[in-house]
**Q** 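Questions regarding the structure given below will be posed in turn.
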Amino acid sequence: MELSAKYNPSEVEDKWYSYWLEKKFFHSEPDSREPYTVVIPPPNVTGVLHMGHVLNNTINDVLVRKARMEGKNACWIPGTDHASIATENKVVAKLKSMGISKEDLTREEFLKYAWEWKEEHGGIILKQLRKLGASCDWDRTRFTMEPELSEAVINTFCHFYKKGWIYRGVRMVNWDPEGHTAVSDDEVIHRDTKSHFYHMRYFISDGNGKPSDKYIIVATTRPETIMADAAICVNPNDERHHWMKGKKVLIPLINKEIPIIEDDYVEMDFGTGCLKVTPAHDAHDYEIGLRHNLPILDIIDDHGKLTADAQILVGEDRFEARKKIVKMLQEAGNMEKIEDYTSPVGYSERTNAVIEPRLSAQWFLKMSELAPVALDSVESGLIKFIPDKYRNTYRHWMENAHDWCISRQLWWGQRIPAYYLPDGRFVVENSPEKALEAAKALDASVTAEDLHQDEDVLDTWFSSWLWPISVFDPQRPGQMEHQPNADLAYYYPTNDLVTGPDIIFFWVARMIMAGNEFMGDVPFRNVYFTGIVRDKLGRKMSKTLGNSPNPLDLIEKYGADAVRLGMLLCSSAGSDILYDESQVEQGRNFCNKIWNAYRLIKGWSSDASLPQGESSAIAVKWFTDKLNQAVEAVYDHFDKFRISDALMTIYKLFWDDFCAWYLEIIKPEFGKPMDGVTYDATVGFMDTLLKLLHPIMPFITEELWQNIAERKDGETVMNQRLPQAKQYSSSFIADFELCTSAIASVRNIRQTKGISPKDALELQYKGAFPGELVTVLKKMANLSSVTEVSGFENPDSGSAFLAGTVEMFVPLTGLVNVEEEIQKMEAEIRHLEGFLKGVKAKLSNEKFVSHAPAAVVELERKKESDATVKLENLCRAVANLKK
RNA sequence: GGGAGCUUAGCUCAGUUGGUUUAGAGCAUCUGCCUUACAAGCAGAGGGUCGGGGGUUCGAUUCCCUCAGCUCCCACCA
């Protein structure tokens with residue numbers, strides 16, 4: 001095979017991915033092996049791949065491929081999420097562009113369009129994941145709104161309703177006037193927003209509904225809601241306002257009379273100490289209203305427009321109304337002053353509309369029973385969070401969890417299985433038939449036509465919280481009498497969950513609740529929280545900023561392995577990731593390095609009759625040790641989910657140890673064959689390295705592994721066993737490092753003296769240099785001789801250096817500047833003296849010697865003696881030079 | 001307003017119950033090399049008083065306090 005000097009990923013990636021699919025290597029069925037299970041955080045069905053997905057799925061794939069190569073039965077479930085609000089919005093927008101308004105369609109007609117949209121645009125992201133190399137079991141692909149999973153959602157609703165944990169109630173909810181739906185507390189994002197603080201005059205009523213000459217000042221940020229005011233509230237301890245106790249005031253512009261009431265909630269030193277109470281449009285005011293029996297007047301409709309009850313500005317949008325009413329108040333003489341003001345405002349996570357607190361009938365799931373159990377799952381250590389700090393966040397939320405508003409005023413999603421009787425009562429059943437039966441029990445005269453199903457659908461998270469269960473056995477959630485099927489029994493609980501911290505409450509916490517409820521066990525053992533991918537300047541990647549690269553373009557340009565590596569290089573768990581394309585370049589360079597190492601090895605011929613050279617034997621021995629040391633470290637890193645450290649360990653093993661040292665040592669003269677023993681060992685090393693690299697870089701490793709030796713059809717590197725760490729000699733590795741440092745020093749001498757690497761030099765040394773490494777030293781430093789001496793012959797005509805504590809000397813007649821050599825050594829002496837001083841200070845400290853552990857003291861003694869020897873050597877050398 | 005976390009070389013980060021030759025890596029930088037695997041490369045080198053101050057300790061990047069800066073999460077818009 002003729003190989004180009006550069007690795008060309010596009011030639012190999014599709015080929016091997018098709019091969020893996022064709023051979024069903026990703027598919028898993030229960031068997032006697034230990035399972036390793038992961039479920040994908042289901043992306044929006046209409047989503048496209050972005051850098052966050054790349055990060056998440058790369059980590060997932062590394063974990064899955066590693067488990068597979070450890071002999072586990074690895075199963076990674078892919079799928080998508082129906083994403084009610086996001087998808088419905090997209091469909092509405094599409095219809096709008098076609099000149100169709102959602103209001104003109106029936107529910108069934110709209111859903112027909114929605115499904116068409118889903119078929120057309122859905123699942124693109126799953127195809128894109130294949131380009132990344134994701135080894136998902138595609139035969140098990142799931143969608144949260146497919147019939148079976150929808151049934152699971154409905155059964156779950158019925159389950160909790162019958163338990164009494166789901167209730168319907170009129171509550172203050174977060175209304176999204178653009179999405180025309182309520183959203184849960186967690187879907188509201190609070191942002192400091194610049195607005196104004198309007199100080200308005202409310203005149204005291206003269207008792208006949210006419211303004212007197214006295215007024216109070218009330219401050220608000222929302223003057224457009226004054227028509228819905230039910231009272232003015234002051235703090236009972238506020239003496240400034242005692243005079244108006246029992247009086248009434250008139251709402252400006254509409255002159256409606258409202259009482260002045262007292263409540264501790266009002267803070268005396270905020271604003272004017274007078275609070276306008278608007279129960280229908282503020283959650284706090286609603287509470288005050290309940291306490292004081294105030295009437296509730298709702299003047300804002302579903303779309304955020306003022307209703308007829310407002311009397312004025314009817315039909316105006318709430319923000320338009322605000323502008324207009326300010327002017328009206330000014331003209332009427334009711335505006336005292338306007339201040340600039342910044343306060344937190346809630347926005348809808350999905351539509352970015354300003355949330356309108358609003359009273360409406362919604363369905364809720366009680367958290368009082370589910371949250372404590374889920375909290376305990378993490379507190380007890382049954383589930384581990386990586387990094388650990390998210391335990392705090394989790395605990396805080398769990399201890400303050402509000403009931404979950406699960407109804408959404410949308411059509412795309414699972415419709416709430418509540419059926420209303422004509423008299424307003426309702427029944428909850430998982431089918432219309434059962435509902436009719438239950439309804440007849442309440443009222444025998446009810447017919448199927450009389451029953452009306454609730455118009456709302458369920459929150460999308462109400463289906464995704466079942467994901468780790470329903471992907472295996474959709475019949476289990478909500479039906480405790482159904483025994484888990486073989487898949488669920490085998491694969492549940494899953495092992496690791498890789499996800500972003502932004503959905504710790506939406507999804508992670510709730511999956512733990514559902515797992516405990518329906519399986520009596522947590523859904524996963526470890527949760528690895530990735531960071532958020534940001535650009536080089538630390539900005540979040542977003543479409544509007546245009547700072548988010550298209551991952552597919554990157555894969556096209558650099559190759560999937562390079563993109564994976566680039567992502568992993570900087571991905572420590574939990575901290576945000578500053579992405580830069582140069583990291584992907586580094587990944588591409590590494591691919592190229594691997595490719596070329598392979599080319600070098602493949603270009604060699606072996607001759608079994610040749611004896612193994614001494615330096616080659618040493619190199620094989622050393623790299624075997626080095627490999628085992630690295631494998632041990634890699635496993636340790638993986639165990640702690642330090643994926644970038646594991647990667648860096650392998651990276652350096654390959655690049656520095658294998659390529660820069662090992663291959664250079666064993667490299668035969670050009671065109672000459674290599675002895676068989678070394679050649680076979682080298683091919684073996686390459687084979688092992690490819691296996692070690694495979695979870696991270698699946699494509700290039702498969703390509704090379706398939707070529708480095710004869711492979712049968714159906715063989716793949718992804719099903720090989722990962723190397724296991726064996727015993728290795730740390731002392732031999734240390735000896736070798738002594739040798740490499742000596743080689744570097746000689747090379748440094750060449751560089752500073754302008755001596756070509758081609759000109760051989762001599763070397764003398766004094767001290768304990770391991771004899772077996774002399775041959776390596778000679779070859780790599782290009783030395784004609786290496787001699788152990790008792791004293792250097794002409795110390796002023798050469799360059800001396802230390803390798804560890806071994807003194808070394810390169811004779812360089814006529815090339816040495818004695819002054820420079822002396823200066824170099826004296827600098828070294830100063831450093832050593834400082835070091836020694838510190839060590840001696842410690843050792844002469846009575847308390848250190850008596851308090852510190854023996855091993856530490858011993859180490860200090862060794863430092864002292866080593867440094868003393870070095871110092872003596874250096875001083876002698878300098879003295880000689882100065883002669 | 002409440003809570004959590006971060007601050008170590010130009011950049012991105014390790015630093016594992018306080019002691020491993022007076023701090024490590026990758027990238028970037030500088031110098032010299034187109035040496036028949038690789039210039040997407042090779043060889044060598046430089047670079048940090050571990051945010052400031054204080055304390056505990058024989059010993060602090062590591063523990064405590066404090067100040068400064070940054071980030072994130074939670075929180076009902078008077």
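In the text below, chain A, chain B and the rest are named by the order of the sequence lines, each starting its count at 1.
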**Q** Which parts of nucleotides 37-44 of chain B does protein reach within less than 4.0 Å, heavy atoms only, written one letter per nucleotide 5' to 3' as B for base, S for sugar-phosphate only and - for none?
**A** BB-BSSBB
**Q** Can you tell me how far apart CZ (A/Arg201) and OG1 (A/Thr272) are? Round to the nearest 0.5 Å.
**A**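 Nearest 0.5 Å value for the CZ-OG1 distance: 13.0 Å.
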**Q** When rounded to the nearest 0.5 angstrom, what distance separates CG in A/Asn334 from NE2 in A/His199?
**A**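 Spacing of CG (A/Asn334) from NE2 (A/His199) equals 14.5 Å.
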**Q** Tell me the partner of B/G5, counting only Watson-Crick (N1-N3 plus N6-O4 or O6-N4) or G-U wobble (N1-O2 and O6-N3) with both under 3.5 Å; none if nothing fits.
**A**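 Answer to the pairing question: B/C70, which forms a Watson-Crick or G-U pair with B/G5.
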**Q** What nucleotide, of B/C73, B/U21, B/A78, holds the atom closest to the side chain of A/Thr393?
**A**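 Among the listed nucleotides, the one closest to the side chain of A/Thr393 is B/C73.
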**Q** Tell me whether the NZ or CZ atom of A/Arg191 lies within the 45° cone about the ring axis of A/Tyr347 and under 6.0 Å from its centre.
**A**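 Geometry flag: set, cation within 6.0 Å and 45°.
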**Q** Does B/U62 have a Watson-Crick or wobble mate here (both distances under 3.5 Å), and if so which one?
**A**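 B/U62 is paired with nothing.
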**Q** Using Watson-Crick or G-U wobble geometry with both distances below 3.5 Å, tell me the partner of B/A78, or none.
**A**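 For B/A78, the partner nucleotide comes out as none, under the 3.5 Å rule.
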**Q** Rounding to a whole Å, what distance do you find between A/Ile601:CD1 and B/U36:C1'?
**A**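 Taking atom C1' of B/U36 as the reference, CD1 of A/Ile601 is at 17 Å.
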**Q** Could you check A/His396 against A/Arg642 and say which one's nearest nucleotide on RNA chain B is further toward the 5' end?
**A**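 The residue whose closest nucleotide sits nearer the 5' end is A/Arg642.
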**Q** Of the nucleotides B/U20, B/G26, B/C77, which has the atom closest to the A/Lys652 side chain?
**A**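 For A/Lys652, the side-chain atoms sit closest to B/G26.
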**Q** Report the distance from atom CG of A/Asn392 to atom P of B/C6, rounded to the nearest whole Å.
**A**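 That distance rounds to 11 Å.
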**Q** For A/Glu860 and for A/Ser582, find the nucleotide of RNA chain B with the closest heavy atom, then tell me which residue's nucleotide is more 5'.
**A**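 The answer here is A/Glu860.
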**Q** Starting from C1' on B/G18, measure out to CZ on A/Phe848 and report it in whole angstrom.
**A**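 So the two atoms are 12 Å apart, to the nearest Å.
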**Q** Would you kindly give the CG-to-C1' distance between A/Asp580 and B/C13, to the nearest whole Å?
**A**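 Spelled out: CG on A/Asp580 to C1' on B/C13 is 15 Å.
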**Q** Should B/G44 form a Watson-Crick or G-U wobble pair with both distances under 3.5 Å, which nucleotide is its partner?
**A**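 Matched B/G44 with B/C30 under the 3.5 Å cut-off.
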